[in-house]
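Right, one structure below, let's go through it.
All ligand and atom numbering here is 1-based and tracks the order in the structure. The figures that follow rest on heavy atoms only: side chains count, while hydrogens, waters and symmetry mates do not.
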Amino acid sequence: MGSYSGTCEIVEASEESEPVQQCRWQYQPNSGLGARDKDRKPNALKMGYKESLEDDINQLFEAINLKGPKGLSVSYQGGASSSSLKKNAMKKPIAVGMPRSPRIGGSDSLSLKQALRDLCISKASEMAAMKRLSMSTSSPVASEAGRIKNWFNSVVVEPAGGSGLHRDENKRDMVEASLVPEESKSTSRMTAGSHEAPQKKSLSQRANSSPQFARARPEISTDTSVSTPTDVSASLEVESQAPKAELHQKEKHSSASFPSCSYADDDMLEPENTLPGSNKLPERASTPKSVRKGRSQIVSFSSSISGKRVSRMTRNAPRVAKIVVRNKSSSGKKKIKQGSSSAANTFSEVTSSLDSTAGQLVCQRCHCSLKSSNNESNQESVKLQSAGISTEVSSIHVNSDVRKPTLMVNNSNSSVAAVPRAKKSPKSREKGHFSQSSSSLGDSTSTSISDDSNLSRYSCSNKPHMSKDVRWAAIRHIKMQEGVLGLRHFNLLKKLGCGDIGTVYLAELIGTNCLFAIKVMDNEFLARRKKLPRAQTEKEILRMLDHPFLPTLYTQFTSDNLSCLVMEYCPGGDLHVLRQRQPGRYFPEPAARFYVAEVLLALEYLHMLGVVYRDLKPENILVREDGHIMLTDFDLSLRCTVSPTLLKTSSNLDPARMSGLGTGSSCIEPFCIEPSCQVTCFSPRFLPAAAKTKRKAKSDLVAQVRSLPQLVAEPTDARSNSFVGTHEYLAPEIIKGEGHGAAVDWWTFGIFLYELLYGRTPFKGAGNEETLTNVVLESLKFPDSPLVSFQARDLIRGLLVKEPENRLGTEKGAAEIKQHPFFEGLNWALIRCAVPPELPELYEFGIPSMMSPEAESNYLECKATGDHLEFELF
Ligand SMILES: Nc1ncnc2c1ncn2[C@@H]1O[C@H](COP(=O)(O)OP(=O)(O)OP(=O)(O)O)[C@@H](O)[C@H]1O
């Protein structure tokens with residue numbers, strides 16, 4: 001299947017300024033327990049900056065206790081003393097059920113501390129808004145952001161002197177208030193808009209010229225997105241002057257051989273076909289099978305459409321942008337899936353024999369150990385790192401009693417790979433698959449130059465949710481020893497998959513037992529294909545992320561012109577593969593609800609960081625070992641500025657009440673799991689103490705929440721004309737070239753939910769053209785089977801509104817969607833503790849089931865000769 005390389009790509013300026021952390025949350029040792037762990041240890045939550053966590057928690061508990069039992073819907077045993085709380089802070093996973101379930105795991109006892117901790121995790125999105133505020137000081141909208149921030153501070157932030165806990169709570173309150181939807185519109189501005197204005201105009205004209213699109217054409221004002229280039233902190237580079245559409249097609253090679261992979265030669269990458277009318281059009285990449293995986297990137301509308309209504313429209317229009325349609329071949333997709341899926345196998349094997357060393361990292365270079373300050377928590381910290389729950393930061397100290405890590409299967413040399421395992425796989429197979437020679441890598445990367453000269457910038461200090469992950473310590477340790485980190489310090493165990501801009505490997509940081517996913521990108525290749533901006537975009541976005549459902553970037557460096565991103569490894573395969581393995585190839589509704597809910601939180605967080613994701617699809621959602629998700633792949637994302645916009649002031653609010661001081665509340669507990677409090681558990685405590693009944697409390701709460709000042713902190717007005725995404729997931733406004741913004745993510749979110757529930761996307765046609773035509777013109781239909789609830793269908797209907805301005809989420813962001821009845825009963829704050837849908841055994845994702853014997857033997861063969869990895873990467 002072809003893939004087109006682009007000349008009209010996202011070129012986003014790097015945001016070098018380090019975001020100021022206005023609010024952080026950290027987790028104490030022993031807090032890292034997987035969602036499935038039955039025996040949870042007491043967790044201590046630290047909120048705020050430096051204050052003693054235990055003190056704060058204990059104060060909070062005492063305060064709660066003093067207020068009497070009425071507010072506590074979660075039982076804890078042993079009273080409110082700190083010791084008893086610790087003792088009884090055992091927590092069972094909370095089940096996410098269908099909407100009819102009144103509460104999640106309501107019968108289970110919950111750890112207050114655990115709940116608080118997870119509440120904080122779940123509030124990462126709100127924190128992102130604050131982070132974004134602080135980052136936007138240099139943007140043209142800084143003054144507005146500052147004004148709102150100041151206003152907020154004056155209204156809700158506790159005066160100086162408050163404890164860190166209070167301060168944090170208030171910030172949560174503030175952000176929560178911002179999530180309450182209300183009528184207004186955002187003043188978010190997309191910094192790159194100006195670059196795309198010419199294209200936008202022409203594409204709009206083109207779209208308008210097509211009567212077929214008249215009824216579906218959104219009424220988007222063309223003057224909403226243009227900003228001057230000087231505004232641009234992140235820009236789009238569009239070759240809008242070219243009166244032609246140039247399409248570069250690339251066949252994605254996904255050889256099963258390791259480590260060779262991925263990129264085709266130039267001829268295959270950039271075929272250019274000249275069409276009449278001086279327009280260069282691509283050779284169509286219309287193999288229906290590949291449509292699903294194909295992604296179109298910055299393409300003029302006609303690039304892949306010929307004939308039919310859609311193509312007529314586009315052909316009538318002037319071509320102003322180069323076209324880049326990337327279609328992954330079916331074989332390529334399969335290969336990628338193989339790689340992705342096999343990750344689980346690798347993980348199982350790598351971890352299968354490592355229990356004994358799980359709690360201790362042994363450096364094989366200097367024979368010292370990377371020992372957690374809390375040995376007990378060490379293993380669990382690793383267990384939970386992929387789940388986004390942190391434990392104590394490991395300290396590094398020499399340990400004369402060296403514990404050799406369990407030897408990994410390695411058929412090449414003495415390279416040893418061990419890993420603090422997250423979960424013991426019940427079975428281990430595929431011995432001998434991890435044979436990449438570290439020495440060969442070392443040879444090939446002898447000129448490693450660390451990009452990450454300021455490693456501390458990417459240290460855990462900027463990623464609170466992963467701050468206790470031992471991997472930070474492992475990286476620091478190697479860096480301290482070697483000075484710079486390079487590819488030679490990693491033992492590449494396995495290729496996980498190939499993308500358009502790089503290849504992802506499972507890698508062990510040699511001597512540390514720590515596994516990472518390393519994305520390796522050839523800078524020369526990227527430069528030749530004009531894909532450096534995409535790589536840069538991905539890198540910059542990854543650096544910003546700090547969320548349980550998004551990947552953590554540990555470090556980055558350049559080795560021999562190979563740009564490497566060292567990320568969190570996600571062993572569970574992706575949702576696309578997982579869906580295929582479901583009976584009927586669709587997910588049961590509770591499972592679908594779980595996945596889309598976590599994705600929604602990730603999208604919300606991204607939006608608050610000023611990132612429009614644009615490429616949502618099951619393939620980009622990896623499943624962690626614990627069953628929670630990780631949204632990946634940001635190279636097609638759009639970065640824009642976000643200016644939290646005050647939708648509604650509330651002059652009649654008492655600031656003291658808004659700050660949550662001095663009033664009782666039926667929702668005082670941040671760990672409340674009452675469905676009726678799912679939004680308000682983060683809201684200020686302002687309900688009158690006299691609220692007797694739950695119903696009364698709820699109605700009062702709703703009324704008072706409605707009276708809160710409200711902000712929208714998502715980029716509701718961002719605009720781009722790039723043609724990006726995957727055909728079946730493309731929003732109508734992208735296809736029509738009328739400019740798009742964050743609403744495209746809500747469209748794709750609707751497609752995503754539809755696919756999970758029905759096993760297919762709603763507008764899929766026989767080929768790309770038909771699919772695109774259907775997206776724009778066909779009305780949404782639901783199959784009779786499988787049976788899907790009214791709430792789910794209603795949500796999909798709200799999301800798949802063709803006019804973005806009328807689409808659910810467009811005006812007020814994720815908050816609108818979260819409040820849909822489909823999610824009723826789901827406690828967003830505690831979803832991180834919910835029991836994920838059952839996963840097949842990890843090893844079942846592996847190579848044998850996905851790869852032919854022939855391919856597998858090639859794979860092994862190549863691995864054994866992987867001395868020149870760098871030459872075989874691309
Ligand atoms: N952190 C990770 N853990 C495990 N597997 C990963 C991880 N990141 C990526 N992968 C696997 O590697 C494959 C390639 O990822 P990559 O992001 O480079 O390509 P892609 O998803 O096809 O997107 P693109 O073409 O835009 O780069 C993915 O399909 C995924 O299966």
Heteroatom distance test (Glu538, ligand 1): nitrogen or oxygen, under 3.5 angstrom: no
About how many Å separate CG of Asn513 and CD of Glu508, when rounded to the nearest 0.5 Å? 6.0 Å
Is ligand 1 under 4.0 Å from a heavy atom in the side chain of Leu622, in the backbone, in both, or in neither? side chain
For ligand 1, the portion of Asn620 having any non-hydrogen atom under 4.0 Å away: side chain
Could you point out which residue of Glu598, Glu568, His547 forms a side chain to side chain contact (heavy atoms under 4.5 Å, CB included) with Met630? Glu568
Quick one, Trp746 with Leu600, criterion side chain to side chain contact (heavy atoms under 4.5 Å, CB included). Give me CA distance, side-chain angles, the key distance, then yes/no. CA-CA 9 Å; Trp746 305 134; Leu600 181 58; 3.3 Å; yes
What part of Thr632, side chain from CB on, backbone N/CA/C/O, both or neither, has a heavy atom under 4.0 Å from ligand 1? neither
Counting only heavy atoms, which portion of Glu619 has something under 4.0 Å from ligand 1: side chain, backbone, both, or neither? neither
With side chain to side chain contact (heavy atoms under 4.5 Å, CB included) as the test, would you mind laying out the steps for Leu730 and Ile751 before giving the verdict? CA-CA 9 Å; Leu730 282 175; Ile751 302 279; over 6 Å; no
Would you indicate which of Ala517, Gly502, Cys570 comes nearest to atom 4 (C) of ligand 1 when only heavy atoms are counted? Cys570
N/O to N/O below 3.5 Å, does that happen between Asp633 and ligand 1? yes
Which ligand 1 atoms are under 4.0 Å away from a heavy-atom of Met630? 1 (N)
Do Trp747 and Leu616 touch side chain to side chain, with heavy atoms closer than 4.5 Å? no
Taking the six-membered ring for Trp, are Phe594 and His628 closer than 6.0 Å centroid to centroid? yes
Between the side chains of Arg832 and Asp626, is the shortest nitrogen-to-carboxylate-oxygen separation below 4.0 Å, so that they form an ion pair? yes
Do Asp635 and ligand 1 have an N or O pair less than 3.5 Å apart? yes
Please check whether Asp574 reaches ligand 1 - meaning an N/O of the residue sits under 3.5 Å from an N/O of the ligand, judged on distance alone. no
Suppose we screen for side-chain contact (heavy atoms from CB on, under 4.5 Å). Which residues come up paired with Val504, at least two apart in sequence or across chains? Leu496, Ala517, Lys519
So which of Pro551, Gly497, Pro571 gets nearest to atom 13 (C) of ligand 1, if we judge by its closest heavy atom? Gly497
